Amino acid sequence: MTNEIEKLALRPIGRRAALIGLAGVAGTLSMPWIARAQAETIRIGFPTPLTGPFAAEANDQVRSAQLAVKLANDKGGIAGRKVELLVRDDKLNAGEAATRTLELIEKDKVHAVVGALSSAVQLAVNEVTRARSMLYISISQSDTINEIKDFSPYTFHEALNPTMTTAVVAKHSFKKGSKVAYLVADYAYGHEMLRGFKRAAKEIGAQTVSEILHPFGAADYSTFIPTILASGADILCICNFGRDQANSIKQAVDFGVKDQMKIVVPVLLHNQRLAVDPEVFEGVTGGANYYWGLEETVPSAKAFNDAFRAMYKGTIPTDYGAYGYTGVASLLMAIEKAGGTEPQKVIAALEALKYDIAKGEQSYRKCDHQSMQSVLVLESKAKKAMKSDADLFKIVAAEPASESVLRTCSELGFKS
Amino acid sequence: MTVQLIAMQLFSGLALGAVLIMVALGLSIIFGMLGIVNFAHGALFMVGAYAGLYVAGLTGSFWWALLIAPVMIGLFGMLIERFLIRPLYGRSPDDPLLLTFGLGYVLVEAVRIFFGTDGIPFSTPGALRGVVNLGIGFFPLYRLFVIGVVVAVLLLLWIGLEKTKFGLIVRAGSADPLIMRVLGVDISRLWLVVFGIGVGITALGGVLAAPMRNVSPEMGTLVLAEAFVVTVIGGMGSLPGAVIAGLIVGVSVSMTSLFAPEMATIVMFALMALILLVRPNGLYGRAAPGL
């Protein structure tokens with residue numbers, strides 16, 4: 001059978017064959033459904049928690065991802081094919097995410113999955129995509145997913161990870177002899193950030209004086225604060241995410257914590273800063289993958305912001321939003337280079353990809369597929385220092401992409 | 001661990017208890033008087049906070065928000081009672097429960113549509129910022145103010161129910177509506193007012209919580225759980241029960257925070273389970289009225 005096809009394919013094209021071929025082309029043109037089948041739309045599944053405590057960040061991810069898709073379609077598609085984004089609400093629930101992802105793969109026949117915003121949910125998506133040999137670009141912070149036991153050759157990590165984030169944030173906020181109290185959300189994200197900070201603290205010579213795990217999604221933090229105030233710390237490191245960040249910082253500030261210690265967070269969230277008054281976050285320091293203010297120094301950031309402003313009535317992209325953009329855009333670049341959606345070719349293209357689409361040079365490390373990229377350290381501005389409503393943070397440092405802030409491949413269990 | 005820290009933790013617990021009482025009162029009143037399990041409680045709490053935000057935005061004053069928003073939402077509650085809940089009286093208690101459950105979802109979605117999914121800042125009013133030295137440690141002035149408001153609301157409720165003719169009728173009506181009707185009292189109007197007051201107090205809780213917990217469409221989700229725990233521990237529909245239960249839960253959460261902080265949320269539910277094992281109707285509960 002194969003032989004016959006090969007023979008057919010290799011047969012020199014005669015006049016009659018050419019005529020038949022032409023007739024075929026004409027036929028295709030008059031029968032658009034066949035044409036569509038040939039240039040099949042590239043479908044990208046996008047599970048993200050549209051509802052729940054991370055809704056603000058999730059909706060930004062969707063907006064930015066849609067921008068990446070629009071830009072691709074505007075220039076005529078990728079490898080001649082249209083791109084479509086299929087957004088699904090994972091409700092911040094691992095089971096829901098797994099079901100939605102499976103649906104995307106089985107029913108919607110997506111070519112790749114990008115998304116998930118919570119570390120635990122992302123691990124569930126990764127399980128599904130790994131079992132189905134489906135391309136997956138993860139855009140949420142996790143250390144576990146880098147390790148060999150969770151490794152999938154089909155998965156690439158566009159987000160920062162806790163190790164690199166905390167290493168850079170600690171470098172710019174902890175000092176030798178600092179006394180650090182930790183307030184940590186009791187789930188994967190919090191635990192991994194805490195582990196990262198403590199590793200970095202050990203190297204710097206900072207000391208842990210208190211360690212409090214709080215329930216995820218707690219509404220009231222008042223009962224944790226007396227212990228923090230009594231700990232004699234000079235840094236309060238709050239490792240939580242989404243609304244927990246705004247609530248815990250607000251309440252800590254109400255209790256006068258900032259008069260005694262500096263507040264440091266692993267990731268200083270754009271939307272959460274907007275959810276409180278500037279004076280609440282004033283002086284709080286934390287890391288970020290992206291801040292729109294990068295446009296002053298990074299040309300690709302300027303281009304990204306401008307495209308975003310043009311699509312969304314002058315608004316600006318946020319940190320987690322940018323993940324949606326870089327995740328989808330880098331995938332599309334690789335598909336273009338691979339000339340299609342054939343997974344092995346896309347994987348090879350992603351591994352070889354050097355991309356600068358929003359924040360400077362990025363590339364995926366070969367062993368664990370972690371995106372090596374710059375890590376920003378931001379400080380929240382005082383109200384009087386803000387030039388506009390969007391002028392939220394000062395960029396304290398922009399650490400360039402480097403393997404030195406990552407765990408080595410052999411530490412993660414990969415054989416070199 | 002010093003005595004001072006333990007004392008401070010105890011006080012934080014009592015203060016948290018006051019917040020929890022505030023959160024649970026509306027639910028407790030509506031159940032106690034009307035026998036309706038209001039599953040839209042958390043959503044109305046959240047709507048109250050947004051109403052406060054809206055009024056504060058218009059008037060530029062927290063105080064007006066504190067005054068007007070509960071009245072606005074209380075009136076809204078009366079509309080709900082008149083047009084949605086009243087047709088269900090006399091039917092199975094599940095019906096109003098299902099109705100309010102759905103209403104809760106509708107309200108949350110409506111707020112998402114009109115105000116967006118992002119959290120919105122709600123500043124602590126200027127006069128109530130800062131901390132007060134209690135001798136054992138520092139405590140935010142605003143939280144002390146909340147305790148004051150809770151005490152005032154409880155006093156007003158107590159006077160209203162126990163010392164006025166209106167209160168007498170309400171209590172009699174909740175004990176035996178049929179006899180009251182025979183005696184010529186317009187029970188429907190009474191229930192309308194009680195439901196409005198319950199919802200108004202719930203909204204007041206929302207406005208008071210806004211400067212502490214920030215305002216977001218989902219802020220009521222946890223509140224519903226907290227309110228139920230307090231109401232169930234205290235005994236469904238008992239005001240003194242809600243007060244005692246609020247304080248017990250507050251102190252339990254606070255003490256757990258000191259020794260096993262990751263258990264701070266779970267402890268409420270464990271406590272509830274424990275108390276229900278010993279006293280199935282809660283601390284002060286009678287057998288549920290009318291059920």
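The chains referred to below are lettered A, B, ... by the order of the sequence lines, with proteins before strands, and numbering in each begins at 1. All values derive from a computational prediction rather than experimental measurement.
- A distance of 11.0 Å separates CZ in A:Phe224 from CG in B:Leu258, rounded to the nearest 0.5 Å.
- Atom CE of B:Met263 is surrounded by 12 or fewer heavy atoms from other residues, nucleotides or ligands within 6.0 Å.
- Interface check for chain A: of the options B:Ser123, B:Pro140, B:Gly119, B:Gly137, the most heavy-atom pairs under 4.5 Å are formed by B:Pro140.
- Counting heavy-atom pairs closer than 4.5 Å to chain B, the top residue among A:Asp186, A:Thr227, A:Ile225, A:Asn247 is A:Asn247.
- How far CD of B:Glu262 is from CD1 of A:Ile212: 10.5 Å, rounded to the nearest 0.5 Å.
- With respect to chain A, the highest number of heavy-atom pairs below 4.5 Å among B:Leu141, B:Thr117, B:Val253 belongs to B:Thr117.
- Contact count against chain A (heavy-atom pairs under 4.5 Å) is highest for B:Ile120 among B:Thr256, B:Val108, B:Val223, B:Ile120.
- Here the side chains of B:Arg143 and A:Ser222 are in contact, with some heavy-atom distance below 4.5 Å.
- Between B:Glu226 and A:Asp220 there is no side-chain heavy-atom pair separated by less than 4.5 Å.
- Atom CG of B:Asp118 is separated from atom CZ of A:Arg243 by 7.5 Å, given to the nearest 0.5 angstrom.
- B:Ala51 pairs by the side chain to side chain contact (heavy atoms under 4.5 Å, CB included) definition with B:Ala69, B:Met72, B:Ile73, not counting sequence neighbours.
- In this structure, A:Phe255 has its ring center under 6.0 Å from that of B:Phe139.
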Let me have the donor-acceptor pairs involving side chains of residues 6-23 of chain B, under 3.5 Å, with sequence neighbours excluded, atom names and distances please.
residue, atom, partner, partner atom, Å
B:Gln9, NE2, A:Thr223, O, 2.4
B:Gln9, NE2, B:Ser254, O, 3.2
B:Gln9, NE2, B:Ser254, OG, 3.4
B:Ser12, OG, B:Met8, O, 2.9

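- Within the 4.5 Å cutoff, the side chain of A:Lys250 has heavy atoms near those of the B:Thr124 side chain.
- Of the listed residues A:Ala56, A:Ala58, A:Pro215, the one with more heavy-atom pairs under 4.5 angstrom with chain B than any other is A:Pro215.
- Open room surrounds NZ on A:Lys91; 12 or fewer heavy atoms of other groups in view lie less than 6.0 Å from it.
- B:Leu222 and A:Ala218 make their closest contact through CD2-C, 4.4 Å (heavy atoms, listed as atom of the first residue, atom of the second, distance).
- Summarising the local packing, CG of B:Leu134 is surrounded by more than 12 heavy atoms from other residues, nucleotides or ligands at distances under 6.0 Å.
- Residue A:Asp254 comes nearest to B:Val131 through the heavy atom pair O-CG1, 3.2 Å, listed as atom of the first residue, atom of the second, then distance.
- Using a 4.5 Å cut-off between heavy atoms, A:Ala246 contacts chain B through both its backbone and its side chain.
- The interface of residues 207-217 of chain B with chain A, defined by heavy-atom distances below 4.5 Å, comprises B:Pro211, B:Met212, B:Arg213, B:Asn214, B:Ser216, B:Pro217.
- Of residues 271-280 of chain A, those residues with a non-hydrogen atom less than 4.5 Å from any non-hydrogen atom of chain B are, in numerical order, A:Asn271, A:Leu274, A:Ala275, A:Val276, A:Asp277, A:Glu279.
- Within a 6.0 Å radius of CH2 in B:Trp63, more than 12 heavy atoms belonging to other residues, nucleotides or ligands are found.
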